[in-house]
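In this chain, residues are counted from 1 in sequence order.
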Amino acid sequence: MRPNEPLLRVKNLVHEFRTTGGVVHAVSGVSFDVQPGETLGIVGETGSGKSTLARSVLQAPRPTSGSVIFRGTDLTTLHGTRLLQARRHLQMVFQDPFGSLDPKWVVRALVEEPLIAYRTGSRAVRRQRVDEVLELVGLDPASHGRRRPRELSGGQAQRVAIARAIALNPALVICDEPVSSLDVLIQAQVLNLFERLRTELGLSYLFIAHDLALVKQVSDRVAVMYLGKLCEVGPGETVYREPLHPYTRALLDSIPGMTKRVTSTISGEPPSPIHPPSGCRFRTRCPRAQDICAAEEPAMRELAAGHTVACHFPLVEAARTTARSEEIEETPR
């Protein structure tokens, strides 16, 4: 990697699936960066393409087009052993820990599996590494090492999955809804674990979730995704304090306690990804949509430092207009 180069750079990523009903446009021209030591949160409704995006980064399966540049190398051009070696530094934590852990294996074997696959050290070295990562995630190797997944709680199972993901000292961990199946209290514990590991190990995260309040706790930057496209990207606090896209505003207003009052709502279900709307894909549910929204796809533009939005009528302009009107009304005559 060159100095100041992003750890991960995704450019114009497209992932489509051919079905009997037509072509599913799961991911359409998505671009973003992840810096070393950064957590980028990707949020959006179910079906927005978040998980497909995560798997496209890993080349499992390969995207239809676009580039995924990791540590200066485009993963879409790699095959065989070269791709396998690159994936060593890219690991993933899935939503359901019990679905990602072999129920017949004990915890020690599950965590050691990637070390064996990449022929890392002797058996004694691998055992020592297993003990280290189990302790890192808060599990006692002596009491948990011989257990099977069914003998663990949901939080313990997810800690095992995290231990397996960090066993090879990856640079980037992709987290696909990693706490959505856990109780609220356990969610907080696992989120704190992610943050501690980032600090101690220098990890970067691509953190995918549908819960904006949850993503706000762990993300340096947030990218909002709708029907296969990014509609807003910016610093976490800025996006939550002053969202620019109507979809982001509606998502925030849907979270109990996030705002004092509901200022915007969206109705209906997202359109089919087989037949996405022309122009702006959100226009069929957007209360601010006009004719240009159907005729022309909005381009990403930067309206504040590091804060971009794809919208013909971003909320910041409306907010500024309202603020000016209030100032005029309050001015003494």
Side-chain donor or acceptor of Gln59 paired with backbone N/O of Pro63 under 3.5 Å:
no
Arg159 and Leu193: side chain to side chain contact (heavy atoms under 4.5 Å, CB included), yes or no, with the steps?
CA-CA 9 Å; Arg159 287 173 185 268; Leu193 172 61; 3.9 Å; yes
Taking side chain as C-beta onward, heavy atoms only, is Leu303 less than 4.5 Å from His307?
no
Heavy atoms, side chains only, cut-off 4.5 Å: are Tyr205 and Leu40 in contact?
no
When rounded to the nearest 0.5 angstrom, what is the spacing between CD1 in Ile42 and SG in Cys175?
12.0 Å
Heavy atoms only: give me the nearest Ala167-Pro114 pair and the separation to one decimal.
CB-CG, 4.4 Å
Between Thr52 and Ala26, what is the shortest heavy-atom contact and its length?
CG2-CB, 3.9 Å
In a table with atom names and distances, give each donor-acceptor pair under 3.5 Å that connects a side chain of residues 176-184 to protein atoms at least two apart or in another chain.
from	atom 1	to	atom 2	distance (Å)
Asp176	OD1	Ser51	OG	3.1
Asp176	OD2	Ser51	OG	2.9
Glu177	OE1	His210	ND1	3.2
Glu177	OE2	His210	N	3.3
Glu177	OE2	His210	ND1	3.2
Ser180	OG	Gln95	NE2	3.1
Ser180	OG	Glu177	O	3.3
Ser181	OG	Gln95	O	3.2

Step by step, work out the side chain to side chain contact (heavy atoms under 4.5 Å, CB included) result for Thr39 and Leu206.
CA-CA 6 Å; Thr39 297; Leu206 187 62; over 6 Å; no
Salt bridge (Lys or Arg N to Asp or Glu O under 4.0 Å) against Glu237, all qualifying residues, sequence neighbours excluded:
Lys216
Sequence neighbours excluded, which residues qualify as salt bridge (Lys or Arg N to Asp or Glu O under 4.0 Å) partners of Glu296?
none
Could you go step by step and tell me if Leu152 and Val107 meet the side chain to side chain contact (heavy atoms under 4.5 Å, CB included) rule?
CA-CA 10 Å; Leu152 304 173; Val107 167; 3.9 Å; yes
Pairing residues for Ser28 by the side chain to side chain donor-acceptor pair (under 3.5 Å) criterion, not counting sequence neighbours:
Arg281
Does a side-chain heavy-atom distance below 4.5 Å link Phe32 with Val233?
no
Closest approach of Ile208 to Ala54 (non-hydrogen atoms, all atoms of both residues):
CD1-CB, 3.4 Å
Across all chains, not counting sequence neighbours, the side chain to side chain donor-acceptor pair (under 3.5 Å) partners of Asp74 are Thr76
Would a hydrophobic clustering, with Ile, Leu, Val, Met, Phe, Trp and Tyr connected at side-chain separations under 4.5 Å, put Val133 with Trp105?
yes
Common cluster, Val106/Leu115, ILVMFWY with side-chain heavy-atom separation under 4.5 Å:
no
Mark yes or no for whether Thr238, through its side chain, and Gly234, through its backbone, hold a donor-acceptor pair below 3.5 Å.
no
Is a side-chain donor or acceptor of Ser204 paired with a backbone partner of Gly37 at a separation under 3.5 angstrom?
yes
Phe207 side chain near Val43 side chain, heavy-atom distance below 4.5 Å
no
Output for pair (Leu8 CG, Arg71 CZ), nearest 0.5 Å, gives 11.5 Å
Do you know which two heavy atoms are closest between Gly155 and Ile186, and how far apart they sit?
CA-CG2, 3.4 Å
Quick one: does Gln158's side chain have a donor or acceptor within less than 3.5 Å of a partner on Phe94's backbone?
yes
Are any side-chain N or O atoms of Arg87 and backbone N or O atoms of Leu58, one a donor and one an acceptor, separated by less than 3.5 Å?
yes
What pairs meet the salt bridge (Lys or Arg N to Asp or Glu O under 4.0 Å) rule with one or both residues in residues 18-32, with sequence neighbours excluded?
none
More than 12 heavy atoms from other groups under 6.0 Å of CZ on Arg82:
no
Pair His15-Thr64, side-chain donor/acceptor within less than 3.5 Å:
no
When rounded to the nearest 0.5 Å, the distance separating CZ of Arg129 from CG of Leu134 is 10.5 Å
Can you confirm whether Val93 sits close enough to Ile174 that some side-chain heavy atom of one is under 4.5 Å from a side-chain heavy atom of the other?
no
Residues in salt bridge (Lys or Arg N to Asp or Glu O under 4.0 Å) contact with Glu297, at least two apart in sequence or another chain
Lys229
Side-chain heavy-atom pair Cys311, Pro246 within 4.5 angstrom cut-off
yes
Which heavy-atom pair separates Val10 from Val57 by the least distance, and what is that distance?
CG2-CG2, 4.2 Å
Residue pairs passing the ring pair (Phe, Tyr, Trp, His ring centres under 6.0 Å) test with at least one member in residues 276-303, sequence neighbours excluded, are Tyr226-Phe282, His245-Phe282, Tyr247-Phe282
Look at the side chain of Ser153 and the backbone N and O of Gln156, then say whether any donor-acceptor pair between them is shorter than 3.5 Å.
yes
Least distance between heavy atoms, Val239 atom then Leu252 atom
O-CD1, 3.9 Å
Would you check, one step at a time, whether the test side chain to side chain contact (heavy atoms under 4.5 Å, CB included) holds for Leu75 with Leu90?
CA-CA 11 Å; Leu75 300 183; Leu90 281 163; 3.5 Å; yes
Keeping to residues at least two apart or across chains, list the salt bridge (Lys or Arg N to Asp or Glu O under 4.0 Å) pairs with something in residues 97-113.
Asp102-Lys104, Arg108-Asp131, Glu112-Arg126, Glu113-Arg164
Are Leu83 and Ile69 connected, step by step, through hydrophobic side chains (Ile, Leu, Val, Met, Phe, Trp, Tyr) whose heavy atoms are closer than 4.5 Å?
no
Do NZ/NE/NH1/NH2 and the carboxylate oxygens of Glu151 and Arg148 come within less than 4.0 Å?
no
N/O donor to acceptor pairs below 3.5 angstrom from side-chain atoms of residues 118-125, sequence neighbours left out:
from	atom 1	to	atom 2	distance (Å)
Tyr118	OH	Leu84	O	2.7
Tyr118	OH	Arg88	N	3.4
Ser122	OG	Val125	N	3.3

Pairs where residues 36-62 contributes a residue and the test salt bridge (Lys or Arg N to Asp or Glu O under 4.0 Å) is met, not counting sequence neighbours:
Glu38-Arg221, Glu45-Arg285
Between Arg283 (side chain) and Gly279 (backbone), is there a donor-acceptor pair under 3.5 Å?
no
Hey, quick one: are Met225 and Val14 part of the same hydrophobic cluster, counting side-chain heavy atoms closer than 4.5 Å, chains of contacts allowed?
no
Determine whether Phe98 and Met92 fall in the same hydrophobic cluster, where Ile, Leu, Val, Met, Phe, Trp and Tyr are linked whenever their side-chain heavy atoms lie under 4.5 Å apart.
no
Under 6.0 Å from the CG atom of Asp291, do we count more than 12 heavy atoms belonging to anything else shown?
no
Does Glu232 reach the main-chain N or O of Leu244 with its side chain, forming a donor-acceptor pair under 3.5 Å?
yes
Could you tell me which residues satisfy salt bridge (Lys or Arg N to Asp or Glu O under 4.0 Å) with Glu269, sequence neighbours excluded, listed by chain and number?
none
I'd like to check Thr248 versus Val222 (side-chain heavy atoms, cut-off strictly below 4.5 Å). Are they in contact?
no
Considering only heavy atoms from C-beta outward, does the side chain of Phe194 approach that of Leu203 to under 4.5 Å?
no
